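A quick write-up on the structure given underneath.
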Amino acid sequence: MLGFLVFACILLVTLAEDWSLTSPGLAMDYRIHIDAGKEDCYYQYAHPGATFYTSMNVLKGGDGMAGLMVRNPQGEVVFPYVWKTHSEYEEVSKTGGYYGICIDNQFSKFSAKLINLYITTFRHDLWEKYTAELEEMDVHVANFT
């Protein structure tokens, strides 16, 4: 059973990496419940030359503040925790790899938080190519179905 789970995880990671090679970008929007005194971490792959962006908003709970921390693919903290209601971070990934995004609710001893976490990675060159192809096909909102 453990072997199957490892295989499934590797397959999902491979599919995610392959999918983002053929598309100009990938965006995910999550609603996360974090218990009092806890920290949750998430990981997103970014290709070399891709723009990596993440933002965190506290929707409800306690004092309405939480921390956001980002680690680059080399494991270095590039955005340290700051206790706020909203935080965001953006950079162009030079080497590519997995970014670590952690949400911290450790200062809250009694209140859980509901967090909106947005993560996106996109390549400007592929995005411009994609929009040029759409314009070439004369696809507009009016005639796009």
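Please read all numbers here as calculations on a predicted model, not as lab measurements. The basis for the numbers below is simple: all heavy atoms, side chains too, and nothing from hydrogens, waters or symmetry mates.
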Original post:
If you look at every heavy atom in H86 and S55, which pair is closest and at what distance?
Top reply: CE1-CB, 4.2 Å
Subject >> T120 side chain reached by Q44 side chain, heavy atoms, under 4.5 Å >> reply: no
**OP:** With sequence neighbours excluded, tell me which residues meet ring pair (Phe, Tyr, Trp, His ring centres under 6.0 Å) with Y89.
**Re:** F79
**OP:** Give, for atom CG of D104 and atom CG of L68, the distance between the pair rounded to the nearest 0.5 Å.
**Re:** 10.0 Å
Subject >> Smallest separation among heavy atoms of E90 and T51, with atom names >> reply: OE2-CG2, 3.3 Å
**OP:** State plainly whether one hydrophobic cluster holds both F107 and M65, where clusters connect Ile, Leu, Val, Met, Phe, Trp and Tyr through side-chain heavy atoms under 4.5 angstrom apart.
**Re:** yes
Original post:
Between T54 (side chain) and I119 (backbone), is there a donor-acceptor pair under 3.5 Å?
Top reply: no
Original post:
Does Y81 have any ring pair (Phe, Tyr, Trp, His ring centres under 6.0 Å) partners at least two apart in sequence or in another chain, and if so, which?
Top reply: none
**OP:** Indicate if M56 and M28 have the same hydrophobic cluster label, given that clusters are the connected sets of ILVMFWY residues with side-chain heavy-atom separations under 4.5 angstrom.
**Re:** yes
Subject >> Which atom of A46 lies closest to which atom of T121, heavy atoms considered >> reply: CB-OG1, 3.6 Å
Original post:
What residues join F110 in its hydrophobic cluster, counting side-chain heavy atom gaps under 4.5 Å, either direct or through other members?
Top reply: none
**OP:** Nearest 0.5 Å please: distance from the CD1 atom of I115 over to the CD1 atom of I34.
**Re:** 5.0 Å
Original post:
Can you tell me how far NZ of K60 sits from CG of N116, rounded to the nearest 0.5 angstrom?
Top reply: 13.5 Å
Original post:
Listed by chain and number, what are the side-chain hydrogen bond (donor to acceptor under 3.5 Å, both in side chains) partners of D63, not counting sequence neighbours?
Top reply: W83, K113
Original post:
If you take all heavy atoms of N72 and E91, which pair is closest and at what distance?
Top reply: CB-OE2, 4.5 Å
**OP:** Consider only side-chain heavy atoms of I, L, V, M, F, W and Y, link residues closer than 4.5 Å, and tell whether Y30 and V58 are in one cluster.
**Re:** yes
Subject >> Hydrophobic cluster identity match, V77 and L117, side-chain contacts under 4.5 Å >> reply: no
**OP:** Please report the closest heavy-atom contact between G100 and Y43, naming both atoms and the distance.
**Re:** CA-CD2, 3.6 Å
Original post:
Looking only at heavy atoms, what is the nearest atom pair of S111 and N105, with distance?
Top reply: O-ND2, 3.1 Å
**OP:** Output the distance between atom CD1 (I101) and atom CZ (R71), rounded to the nearest 0.5 Å.
**Re:** 12.0 Å
**OP:** Could you note down all residue pairs passing salt bridge (Lys or Arg N to Asp or Glu O under 4.0 Å) where residues 32-58 supplies at least one of them, sequence neighbours left out?
**Re:** none
Subject >> Contact list for residues 48-76, test ring pair (Phe, Tyr, Trp, His ring centres under 6.0 Å), sequence neighbours left out >> reply: F52-Y99
